[in-house]
Number of protein chains: 2
Amino acid sequence: MRTVTADDRTARARIRDAAIARFAADGVAATSVRSIAENAGVSPALVIHHFGTKEALRAACDRHVAAVIRERKLAAAEAGPQLDPLAALREHPDEPPLLRYLARTLVDGTAEVAALVDELVADAVEYMAVGVESGMLKPSDHPRERAAVLTVWSLGALVLHEHLDRLLGTDLTGPASGTFRYALPATELLTYGLLPEEIYMRVRDALGALTEAGS
Amino acid sequence: MRTVTADDRTARARIRDAAIARFAADGVAATSVRSIAENAGVSPALVIHHFGTKEALRAACDRHVAAVIRERKLAAAEAGPQLDPLAALREHPDEPPLLRYLARTLVDGTAEVAALVDELVADAVEYMAVGVESGMLKPSDHPRERAAVLTVWSLGALVLHEHLDRLLGTDLTGPASGTFRYALPATELLTYGLLPEEIYMRVRDALGALTEAGS
DNA sequence: GCAGTGACTGTACGCATGTACAGTATTATG
DNA sequence: CATAATACTGTACATGCGTACAGTCACTGC
């Protein structure tokens, strides 16, 4: 029998997961290699031995998080369509905080997370087209732009999860059951809308005029 | 006649503005006092002389940005209602990048920006109530929550402005004229909605059941 | 004119950082 | 069992950091 505290991940994986957790909690710039090593229970030198530099470690974290997210999304896609594009990624305790990591690194703009965002949008375009086809979603004049806006709103709410928690008592990075105080008004907004049609027409025409005048 | 390059701000103001710009560009943790001093054209020691510590400087920046934003919002409120809650804050060149500063510091969670967000939501609740009264906005079952969600979506889109720029070719921190590629699909979404009423009913009932079971 | 006050700089100190390096333990390979 | 390779640590070093301090300059009030 193995002790309860045994950790059968390789040291490399432990370092990576500790880095993800620290980066997620404090941001990359405010996290030291030493604190990561301490969290992983290894020496700082081993971090460098396995990853070379802090920046390379961060890139490895980016790739790992992106890979896990892709995997989860794929698994979720087979289970059928979902309203919430982040549902499959909600965090289990005792596993690296993927969503919190994303929330932190979305602002720093590495190529890896940019590519991930692009994928999320592309997937959204695709499954929203299916939804429109089957009558589950209303059609749009700008399907790609609409998917991009919705994805950014979802991710933006994730990035601001601390504010949402304070405002509504909802933790978007936690289990789905805790998100209803956000999901309910959001769904209402996305069902009945906010603006009367007349306003949209006016905005559309005004923006159209701007476009022509601008070029 | 004064030379073109003259800068009649006090050194204190120049330091503060330089700090806002650097914090906005690189984040607080990745910005050194020395780089701020260089940008302001003063010695690092003067930064400390005026503000005491880097953290105190950052707090002063928070307060300044919050004060300017409140002032702008007040001025905008007198000019009548606005669709875009951030419209009054769009950046002029040659002035500190308020919105970019906000976009960076919204994630770090200081009390000052939290209070500012709370104010933005409170204001939104208020002027959306007026909008509903006058028929400009549709009513809601959850007016406060709706205002919070919309505010968070706006701010979230701001925080992710680099991604939006890449996805749609829109700079949310720039002049309003460049934002139409975002504003158009967003307005469409907030007019016609995304989901048929039946889905909302189902979500509402499911979330209601969750609430009862959860407590 | 002169003391006083605040703006401002140069220098320096202590500390934390990222990481290189030499060396030891552990494991894999013949 | 011997050898090679890899995992891992302790130590050390250069760098950059925040900031304290002593001192200079410019201006104000008497």
Side-chain angles (χ1 to χ4, degrees), chain A residues 2-3 5-64 96 101 104-105 108-110 112, chain B residues 2-3 5-64 96 101 104-105 108-110 112:
Chain A
R2 166 179 291 178
T3 62
T5 56
D7 189 340
D8 50 1
R9 290 172 297 173
T10 64
R12 196 170 196 281
R14 265 184 298 133
I15 292 169
R16 193 230 300 124
D17 289 352
I20 291 173
R22 301 299 307 166
F23 288 160
D26 303 328
V28 176
T31 300
S32 70
V33 172
R34 281 170 172 81
S35 76
I36 294 169
E38 192 176 353
N39 270 233
V42 301
S43 69
L46 191 63
V47 177
I48 300 303
H49 171 72
H50 277 301
F51 294 94
T53 67
K54 178 186 175 182
E55 187 48 41
L57 169 58
R58 180 239 167 85
C61 291
D62 273 5
R63 280 195 306 274
H64 180 73
Y101 181 88
R104 276 285 184 180
T105 52
D108 296 351
T110 70
E112 185 76 29
Chain B
R2 168 177 292 178
T3 61
T5 58
D7 189 341
D8 49 3
R9 289 173 298 171
T10 64
R12 197 171 195 281
R14 264 183 299 130
I15 292 169
R16 193 231 301 126
D17 290 353
I20 291 173
R22 302 297 306 163
F23 288 159
D26 303 329
V28 176
T31 299
S32 69
V33 172
R34 282 169 170 83
S35 76
I36 294 169
E38 192 177 353
N39 270 233
V42 302
S43 70
L46 191 62
V47 177
I48 300 302
H49 172 71
H50 277 301
F51 294 93
T53 67
K54 178 185 174 183
E55 189 48 40
L57 168 58
R58 180 239 167 85
C61 290
D62 273 4
R63 281 195 305 274
H64 180 74
Y101 181 87
R104 276 283 186 182
T105 53
D108 295 352
T110 71
E112 185 76 31

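Owing to the predicted nature of the structure, the values given are computational and were not obtained by experimental measurement. Chain naming here is simple, since letters A, B, ... match the order of the sequence lines and numbering starts at 1 in each.
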List the steps, then state whether side chain to side chain contact (heavy atoms under 4.5 Å, CB included) holds for B:I48 with B:T53.
CA-CA 6 Å; B:I48 300 302; B:T53 67; 5.6 Å; no
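- If you check every strand for non-hydrogen atoms under 4.0 Å, B:R12 touches nothing.
- Side-chain N/O atoms of B:H49 include none lying less than 4.0 angstrom from OP1 or OP2 on C:dC8.
- When atom types are taken as modelled, the side chain of B:S35 and the backbone of B:T31 share no donor-acceptor pair closer than 3.5 angstrom.
- Residue-level contact check: A:V42 touches the backbone only, with heavy atoms under 4.0 Å from sugar-phosphate atoms and none from bases.
- Within the 4.0 angstrom heavy-atom criterion, no nucleotide atom of any strand lies near B:S35.
- Here B:S43 lies in heavy-atom contact (under 4.0 Å) with a base.
- Residue B:S32 has no polar side-chain atom (N or O) positioned under 4.0 Å from OP1 or OP2 of D:dG16.
- The base of D:dG16 has none of its N or O atoms less than 3.5 Å from a complementary donor or acceptor on the side chain of B:R34.
- For the pair A:R58 CZ and C:dG18 P, the computed distance is 14 Å after rounding to whole Å.
- Geometric assessment of B:R12 against the ring of B:F51 yields a positive cation-pi assignment under the 6.0 Å and 45° thresholds.
- To the nearest angstrom, P of D:dT19 lies 11 Å from CD1 of B:I36.
- In this structure, CD1 of A:I48 is placed 15 Å from C1' of D:dG10, rounded to the nearest angstrom.
- For the pair B:D26 CG and D:dC17 P, the computed distance is 12 Å after rounding to whole Å.
- Distance from the side chain of A:A45 is smallest for C:dA20 among the nucleotides C:dC8, C:dA20, C:dT19.
- In this structure, CG of B:L46 is placed 8 Å from P of C:dA7, rounded to the nearest angstrom.
- Rounded to whole Å, atom P of C:dT17 lies 15 Å from atom CG of A:L57.
- For the atom pair A:T110 OG1 and A:E55 CD, the distance stands at 8.5 Å (nearest 0.5 Å).
- Between A:F51 atom CZ and C:dG18 atom P the separation is 15 Å, expressed in whole Å.
- The cationic group of A:R22 does not satisfy the cation-pi geometry with A:Y101, failing either the under 6.0 Å distance to the six-membered ring centre or the 45° limit from the ring axis.
- When the P atom of D:dT19 is taken as reference, atom NE2 of B:H50 falls 16 Å away, rounded to whole Å.
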